[in-house]
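Here the structure is laid out as structure tokens; the discussion comes afterwards.
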Amino acid sequence: MSSAEKYRALKGMRDVLPPDIYVWQKIEGIASGLFASYGFSEVRTPVAEATGLFTRGIGEGTDIVDKEMYTFEDKGGRSISLRPEGTASVVRSYIEHQLHTLPSPQKFYYAGPMFRYERPQSGRFRQFYQIGVEAFGSSSPALDAEVISMLRHFLQRLGLDQLVVQVNSIGCAACRPGYTGTLISFLGERQGELCPDCQRRHAQNPLRILDCKVPQCIALRQGAPKVMDHLCADCRQHMELLQHLLTGLEIPFVLNHEMVRGLDYYTRTVFEVTSGDLGAQNAVAAGGRYDRLVSECGGPDVPAFGFAVGMERITELVKKTLPAVHPAPSAFLALLGAQALYEGLRIADRLRTAGIWTETGDHTASLKSQMRKADRVAAAFVIIIGDDELAAGEFRWKKLADGTGGSAPFSALSSFFCGCS
RNA sequence: GUGAGUGUAGUUCAAUGGUUAGAGCACUGGAUUGUGGUUCCAGUUGUUGGGGGUUCGAGUCCCCUCACUCACCCCA
């Protein structure tokens with residue numbers, strides 16, 4: 001707590017240690033297994049990219065690129081940024097490696113740290129982890145439905161099956177301008193009464209007015225036209241079929257006409273999964289369709305769909321539902337004396353080779369303190385090795401859970417642990 | 001960037017402005033020879049986040065600063 005000399009993790013960045021790390025590993029294991037069954041392959045992209053990739057992809061005028069990026073100049077004078085999200089990097093990679101020449105759709109997932117310079121709070125960090133998926137090359141709502149279904153199964157496997165998906169469509173290049181026009185004319189003269197942020201949005205990105213939480217803005221948009229009612233025929237069809245498919249897949253969802261998402265690249269489908277058990281930062285997973293991002297980043301005209309889940313937020317929820325795991329050694333070798341140390345290390349070596357988690361005690365310490373240590377690390381069995389045992393060719397053992405014990409020849413040690421580990 | 005709350009031992013917390021800042025847990029050792037947990041005994045750790053001020057006297061009151069937490073904002 002004291003001295004300013006001590007190093008600590010940077011603000012908003014933290015260590016993931018046991019026992020939490022076991023929760024992380026479990027989540028990642030479930031993700032990779034499940035995603036594989038949907039045909040998604042892992043990709044690993046660099047954590048840093050040219051700044052322009054993010055400003056162009058995510059969009060200037062968004063908070064993320066305007067004030068939250070870790071941007072610096074490298075020694076060659078290039079502007080570099082730590083990725084604030086994963087999609088732009090995967091899109092860059094897709095274009096750079098001409099993956100559109102492979103059969104569509106191409107489906108990828110990634111897991112890793114993202115960086116945003118924000119004020120930390122519950123569920124929000126400057127370095128945070130996302131597991132994300134991106135699928136390229138299909139504009140069919142079937143893709144939207146399958147990917148959302150995959151997310152749903154992922155959450156279910158983690159015991160988070162009561163979470164509801166919120167869905168909306170924000171239209172496309174053909175119909176969105178028309179809608180924002182009617183939204184603006186609906187507000188009309190009263191736009192001056194909007195909050196300062198919305199005054200700015202009014203000009204830059206009128207859609208964002210829809211999810212402003214300032215009371216006067218909520219009041220002003222009462223009865224405002226809904227995006228969903230102003231979609232072009234294609235977008236409307238897309239949305240209708242998506243809802244039909246989601247229903248068929250038995251995915252509980254609600255339409256949220258005011259959800260628009262904070263990134264510029266979305267088209268048509270946007271969705272979000274939130275939790276009531278988290279605090280203010282309650283979005284657990286979110287994503288949508290981005291049919292123009294690939295071409296806007298210099299690639300071919302390829303539609304895509306994706307989402308990201310926030311690891312820190314997921315782990316918080318998972319920790320509430322699943323019991324904590326405390327991995328413990330199967331064998332603890334209590335060693336008494338120098339000869340026991342010599343033989344004990346050879347024995348530990350054999351057990352470990354057989355895949356049995358084995359710990360060894362301090363051969364100079366008393367048996368009592370070694371027993372105590374074995375208990376503290378919750379070892380299943382203590383194997384006692386001292387001069388007596390070596391002379392007799394038999395080890396003594398004790399099962400800590402019930403205090404039972406006995407002895408057995410050293411030659412039977414490995415088989416002793418079969419089925420116990 | 002804005003606002004609020006909190007900073008005392010490794011940790012959780014005590015200490016009407018008044019001696020040398022305490023306790024539980026944890027940790028280490030021991031309780032007649034080589035058997036854990038329960039119990040008993042002993043031991044270790046603090047510039048009370050840092051700096052300044054008020055006062056005869058500050059962990060306690062005031063100011064500044066730093067850190068953490070939560071919220072706004074934004075988002076996963």
Side-chain angles (χ1 to χ4, degrees), chain A residues 1-6 8-12 14 58 62-69 83-87 111-132 151 195-198 200-201 208 211-214 259-263 270-275 278-288 306-317 332 334-337 340 361-363 365-389 396-407:
Chain A
M1 290 270 141
S2 49
S3 152
E5 305 294 319
K6 284 186 179 165
R8 18 182 338 139
L10 298 180
K11 182 196 287 287
R14 57 176 200 170
I58 299 168
T62 63
D63 283 14
I64 290 178
V65 317
D66 282 359
K67 44 190 198 189
E68 294 176 2
M69 283 214 293
R83 61 183 182 194
E85 57 102 53
T87 300
M114 308 296 161
F115 303 84
R116 290 181 201 170
Y117 194 86
E118 296 182 274
R119 196 77 168 264
Q121 74 185 73
S122 180
R124 188 171 73 185
F125 305 90
R126 289 184 174 178
Q127 175 174 333
F128 60 101
Y129 287 76
Q130 286 186 336
I131 298 179
L151 171 61
C195 72
D197 280 335
C198 282
R200 188 171 44 77
R201 290 170 182 141
R208 302 292 323 266
D211 76 346
C212 180
K213 296 174 203 90
V214 174
M259 178 182 63
V260 299
R261 315 285 312 129
L263 288 71
V270 293
F271 74 101
E272 200 169 287
V273 179
T274 56
S275 165
L278 276 179
Q281 306 299 317
N282 61 2
V284 156
F307 70 78
V309 309
M311 274 297 281
E312 287 83 355
R313 295 177 188 181
I314 290 278
T315 56
E316 277 311 299
L317 294 175
F332 187 99
L335 308 173
L336 302 164
D362 174 358
H363 74 287
S366 67
L367 178 60
K368 176 191 282 290
S369 77
Q370 293 190 62
M371 290 294 293
R372 195 182 299 160
K373 176 75 72 63
D375 185 59
R376 277 198 46 233
V377 299
F381 289 88
V382 176
I383 303 300
I384 299 170
I385 301 170
D387 292 340
D388 297 350
E389 287 73 17
R396 306 179 71 82
W397 60 270
K398 183 166 186 179
K399 184 178 182 183
L400 290 183
D402 57 16
T404 58
S407 55

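Just the heavy atoms: all of them, side chains too, but no hydrogens, waters or symmetry mates, feed the values below. Convention: sequence-line order gives letters A, B, ...; per-chain numbering from 1. The shown structure was predicted, so the numbers you read here are calculated from the model rather than taken from an experiment.
In this structure, the separation between CZ on Arg119(A) and CD on Glu68(A) is 13.5 Å, given to the nearest 0.5 Å. How far CD of Glu312(A) is from CD of Gln127(A): 8.5 Å, rounded to the nearest 0.5 Å. Expressed to the nearest 0.5 Å, how far OG1 of Thr62(A) lies from NZ of Lys67(A) amounts to 10.0 Å. How far OG of Ser122(A) is from CD of Glu316(A): 7.0 Å, rounded to the nearest 0.5 Å. Note that CG of Leu278(A) is 14.0 Å distant from CZ of Arg124(A), once rounded to the nearest 0.5 Å. Remark: Ile385(A) CD1 to His363(A) NE2 distance equals 13.0 Å, nearest 0.5 Å.
Per the geometry, NZ belonging to Lys398(A) stands 6 Å off C1' belonging to G36(B), to the nearest Å. When rounded to the nearest whole Å, the span between CG of Asn282(A) and P of C72(B) equals 9 Å. Residue Asp197(A) contributes atom CG, which lies 15 Å from atom P of U2(B) at whole-angstrom precision. Rounded to whole Å, atom P of G30(B) lies 11 Å from atom CD of Gln370(A).
In this model, a side-chain donor or acceptor of Asp375(A) finds a partner on the base of G36(B) within 3.5 Å. In the interface, the side chain of Arg313(A) is paired with the base of C75(B) through a donor and an acceptor atom under 3.5 Å apart. Judged by distance alone with a 3.5 Å cut-off, no donor-acceptor contact links the side chain of Glu118(A) to the base of G1(B).
Base pairing of U48(B) is not made with any nucleotide, judged by Watson-Crick or G-U wobble geometry with both donor-acceptor distances under 3.5 Å. The nucleotide G37(B) finds no pairing partner, because no Watson-Crick or G-U wobble arrangement with both distances shorter than 3.5 Å includes it. Using Watson-Crick or G-U wobble geometry with both donor-acceptor distances under 3.5 Å, A23(B) finds its partner in U12(B). A 3.5 Å limit on both hydrogen-bonding distances identifies C68(B) as the Watson-Crick or G-U partner of G5(B). Nucleotide C56(B): paired with G18(B) (Watson-Crick or G-U wobble, both distances less than 3.5 Å).
A salt bridge is defined here as a Lys NZ or Arg NE, NH1 or NH2 lying under 4.0 Å from an Asp or Glu carboxylate O, and Asp375(A) with Arg372(A) fails to meet this definition.
Ala401(A) comes within contact range of at least one nucleobase, with a heavy-atom separation under 4.0 Å. At a threshold of 4.0 angstrom between heavy atoms, the contacts of Arg14(A) with the nucleic acid are absent. At the heavy-atom level, Gly403(A) lies under 4.0 Å from base atoms of the strands shown. If you check every strand for non-hydrogen atoms under 4.0 Å, Ala285(A) touches sugar and phosphate atoms only. Gly287(A) comes within 4.0 angstrom of nothing in the nucleic acid, heavy atoms only. Note on Glu316(A): nothing from the nucleic acid sits closer than 4.0 angstrom, heavy atoms only. Residue contacts for Val284(A): at a heavy-atom cut-off of 4.0 Å it reaches the sugar-phosphate backbone alone, with no base atom in range. If you check every strand for non-hydrogen atoms under 4.0 Å, Phe125(A) touches a base. Using a 4.0 Å heavy-atom criterion, one finds that Asp211(A) contacts no nucleic acid atom at all. Within the nucleic acid shown, Glu85(A) has no heavy atom closer than 4.0 Å to any nucleic acid atom.
Between Gln121(A) and the phosphate of C72(B), there is a side-chain N or O to OP1/OP2 separation shorter than 4.0 Å. For Lys368(A), no side-chain nitrogen or oxygen approaches OP1 or OP2 of G34(B) to under 4.0 Å.
Taking every side-chain heavy atom of Arg119(A) into account, U2(B) is the closest of U2(B), C73(B), U35(B). For Met371(A), the listed nucleotide lying nearest its side chain is G36(B); candidates were G1(B), G36(B), C68(B). For Leu400(A), the side-chain atoms get nearest to G36(B) when compared with the rest of G36(B), C75(B), U35(B). With G3(B), C75(B), G30(B) as the choices, the nucleotide that has an atom nearest any side-chain atom of Leu263(A) turns out to be C75(B). The side chain of Ser122(A) lies closest to C70(B), out of U35(B), C75(B), C70(B). Comparing atom distances between the Arg8(A) side chain and each of C72(B), C75(B), C68(B) picks out C68(B) as nearest.
The C1' atoms of G17(B) and U69(B) are separated by 29 Å, rounded to the nearest whole Å.
Residues Pro84(A) and Ile58(A) form a side-chain contact, since some pair of their non-hydrogen atoms from C-beta on lies under 4.5 Å apart.
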Mind listing the N/O atom pairs, protein and nucleotides 25-29 of chain B, below 3.5 Å?
from   : atom 1 : to        : atom 2 : distance (Å)
C27(B) : OP1    : Arg376(A) : NE     : 2.6

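A residue-by-residue look at Ile384(A) and Lys11(A) shows that Ile384(A) has its nearest nucleotide of RNA chain B further toward the 5' end. Both Lys213(A) and Ala308(A) lie near RNA chain B, and the one whose nearest nucleotide falls closer to the 5' end is Lys213(A).
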